[in-house]
Amino acid sequence: MERTQQGPRARYREQTRAEIKDLALRQLAEGGGTALALTRIAKEMGLSGPALYRYFAGRDDLLNALIRDAYDDAAAAMARAAARSVKGSRGVRARLHDLAEAYRTWAIAEPHRYLLIQGAPVPGYVAPADTLERARAVLGPFLPLFATGSPGPAVAATVDEMTAWLAADGTVGAWVARYAPEAVGTPDTPARAASALAGAVLAWTQLHGSVSLEVAGQFAGMAHRGGTLLGAHMEMLADAFGLDQAPA
């Protein structure tokens, strides 16, 4: 009986939290992080200010929830893209392009959420520690692609630094093992894991730079498409890691 009585209350609480987050996202879309105002959300919902704090402890608590949701949605989009590529038996280079385009597509469709997770949404805000694992989930599908690579001289220094990082931080090795299990447990594990990690980190920097510029409208008035520019970046990265050759 007690569980039956608590069920509706729990559902109502989750529905109310979801409505608060929807209104917060609308504010972010309209004016960025500084436009987020809990008092205005409470007014739109017909709640008192103190009542709103029963659902979120404050602005930062609400931002934490929005950022976690954004990372989880982005990670889900990347996982779906990775699964489609594998199912389609596409080559490693083509799969890299698929993942890059999935990242870009999500960011363009959700610009305010993308910007929320790619910097401090408001001055002084510090994201919760658990967003690290969520960010790694977004990049995880890149790891098995670069684990197959043969890094060339252009990225040798980065691979060396990733080798040192793997040796110093066990959580990084666990991340690689979770997404690229084929890169561990063999005599060439250190080299393959370092290649996987270096490729994923370099892919992230290329994605972040190109996509952030596009989302911020910096390509307006220029002749190229954002996807064309990003594709060129991925081709250069694939070449640097010796991924399978592009179709003739």
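No hydrogens, no waters, no symmetry mates; every other heavy atom, side chains included, goes into these values. In this text the structure is predicted, and so the values were computed from the model without any measurement.
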Just how far is it from atom [atom1] of [X] to atom [atom2] of [Y], taken to the nearest 0.5 Å?
X	Y	atom1	atom2	value
L38	K43	CG	NZ	15.0 Å
M222	L229	CE	CG	8.0 Å
I117	H208	CD1	NE2	10.0 Å
T171	E133	OG1	CD	7.0 Å
L145	M234	CG	CE	11.0 Å
R113	L25	CZ	CG	6.0 Å

TODO: Indicate yes or no: at least one non-hydrogen side-chain atom of T148 is less than 4.5 angstrom from one of D244.
DONE: no
So if you build clusters from Ile, Leu, Val, Met, Phe, Trp, Tyr with side-chain heavy-atom gaps below 4.5 Å, do [X] and [Y] land together?
X	Y	value
L139	V86	no
L115	F219	no
F56	Y12	yes
L207	I108	no
M236	V211	no

Whether [X] side chain and [Y] backbone form a donor-acceptor pair below 3.5 Å:
X	Y	result
S85	A82	no
T131	A127	no
W165	V172	no
S212	G209	no
E30	A35	no

Salt-bridge test for [X] and [Y]: reply yes if a basic N is under 4.0 Å from a carboxylate O, no otherwise.
X	Y	result
E182	R192	no
D239	R93	yes
E44	R26	yes
D98	R84	no

TODO: Only counting residues at least two apart or in another chain, list the ones meeting ring pair (Phe, Tyr, Trp, His ring centres under 6.0 Å) with Y53.
DONE: none
Which atom pair, heavy atoms only, marks the closest approach of [X] to [Y]?
X	Y	value
L143	A200	CD2-CB, 3.7 Å
L237	G199	CD2-O, 4.2 Å
A100	L230	O-CD2, 3.5 Å
A74	V138	CB-CG2, 4.0 Å
S48	A42	O-CB, 4.0 Å
P141	P144	O-CD, 3.3 Å

TODO: Test side-chain contact (heavy atoms from CB on, under 4.5 Å) on L36 and L62 and set out the steps.
DONE: CA-CA 10 Å; L36 186 61; L62 177 54; 4.2 Å; yes
TODO: Apply salt bridge (Lys or Arg N to Asp or Glu O under 4.0 Å) to E161 and list each qualifying residue two or more places apart in sequence or on a separate chain.
DONE: none
Task: Any residue meeting salt bridge (Lys or Arg N to Asp or Glu O under 4.0 Å) with D169, in chain and number order, not counting sequence neighbours - done: none
Task: Short side-chain donor-acceptor distance under 3.5 Å, E235 and H97 - done: yes
Task: Partner of I20 by side chain to side chain contact (heavy atoms under 4.5 Å, CB included), out of L23, T16, D22 - done: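 By the side chain to side chain contact (heavy atoms under 4.5 Å, CB included) criterion, I20 pairs with just one of L23, T16, D22: T16.
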TODO: Mind jotting down which residue pairs meet the side chain to side chain donor-acceptor pair (under 3.5 Å) criterion with at least one end in residues 54-66? Sequence neighbours excluded, please.
DONE: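 Every pair satisfying side chain to side chain donor-acceptor pair (under 3.5 Å) with a residue in residues 54-66: N64-Y125.
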- [ ] Scan residues 216-233 for pairs that pass side chain to side chain donor-acceptor pair (under 3.5 Å), counting only residues two or more places apart or in two chains.
- [x] Q206-H233, R225-T228
TODO: Return each pair, listed once, that meets ring-ring contact (aromatic ring centres under 6.0 Å, His included) where at least one residue sits in residues 128-151; pairs must be two or more places apart or across chains.
DONE: F146-F241
TODO: Before giving the answer on side-chain contact (heavy atoms from CB on, under 4.5 Å), spell out for W106 and M78 the whole-Å C-alpha distance, their side-chain angles and the decisive distance to 0.1 Å.
DONE: CA-CA 9 Å; W106 183 85; M78 298 301 289; over 6 Å; no
Open item on the list: As a quick check of understanding, evaluate salt bridge (Lys or Arg N to Asp or Glu O under 4.0 Å) for E101 and R104, giving each step before the final call.
Closed with: CA-CA 5 Å; E101 186 55 33; R104 174 177 173 267; 2.8 Å; yes
